[in-house]
Amino acid sequence: QVQLVESGGGSVQPGGSLRLSCSASGFTLDNYVVGWFRQAPGKEREGLAGIRNTDSRTYYADFLKGRFTVSRDSAENTVYLHMNSLKPEDTAVYHCAADMNLSKIRLGAKVSEYDYYGQGTQVTVSS
């Protein structure tokens with residue numbers, strides 16, 4: 001089955017950390033640009049970070065201020081989002097997307113336009 005699946009979400013206290021996974025099955029994730037997005041209730045989806053397919057260079061939204069890191073594990077066919085110093089405003093459903101087109105990942109696109117888009121994993125930051 002060809003799919004992209006996120007996991008690793010959960011509830012954490014402010015200041016805590018989580019590692020989200022974006023795992024591919026049925027295709028090789030290394031061949032794709034992978035981006036992480038999130039959407040909180042009542043808010044628009046926002047792009048967080050991504051990793052390129054050609055050289056695994058990463059990029060991040062400025063507002064993250066170094067709290068999140070993206071990495072790729074080719075053997076596991078997985079991309080990770082390491083999140084540190086979590087804040088209540090980080091509460092959202094986190095999604096990953098995979099696409100051959102870097103611009104679509106960096107600039108955003110409709111969900112239906114991505115080659116692959118995961119169902120999301122909930123992250124809740126609360127004391």
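Model, not experiment: these values are computed from the prediction.
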Val79 with Val111, same ILVMFWY side-chain cluster at under 4.5 Å: no
Plane angle bin for Tyr116 and Phe27 - parallel if under 30°, tilted between 30 and 60°, otherwise perpendicular: parallel
More than 12 heavy atoms of other groups within 6.0 Å of Glu89 CD: yes
Polar contact flag, side-chain donor to acceptor under 3.5 angstrom, Thr78-Ser23: yes
Test item: side-chain donor near acceptor, His82 and Ser71, under 3.5 Å: yes
Glu46 with Arg38: basic N within carboxylate O range, under 4.0 Å: yes
Carboxylate-amine/guanidinium contact Lys87 Asp90, below 4.0 Å: no
When you compare the side chain of [Y] with that of [X], does any pair of heavy atoms fall below 4.5 Å?
X	Y	answer
Pro14	Pro88	yes
Asp30	Asn53	no
Tyr60	Lys65	no
Leu18	Val123	yes

Interatomic distance, Ile51 atom CD1 to Thr69 atom OG1 [nearest 0.5 angstrom]: 10.5 Å
From CA spacing to verdict: side chain to side chain contact (heavy atoms under 4.5 Å, CB included), Phe68, Leu81: CA-CA 7 Å; Phe68 293 5; Leu81 181 67; 4.1 Å; yes
Pi-cation contact, Tyr80 with Arg72 (under 6.0 Å, within 45°): no
Stepwise side chain to side chain contact (heavy atoms under 4.5 Å, CB included) test for Phe37 and Leu48: CA-CA 5 Å; Phe37 304 85; Leu48 303 174; 5.6 Å; no
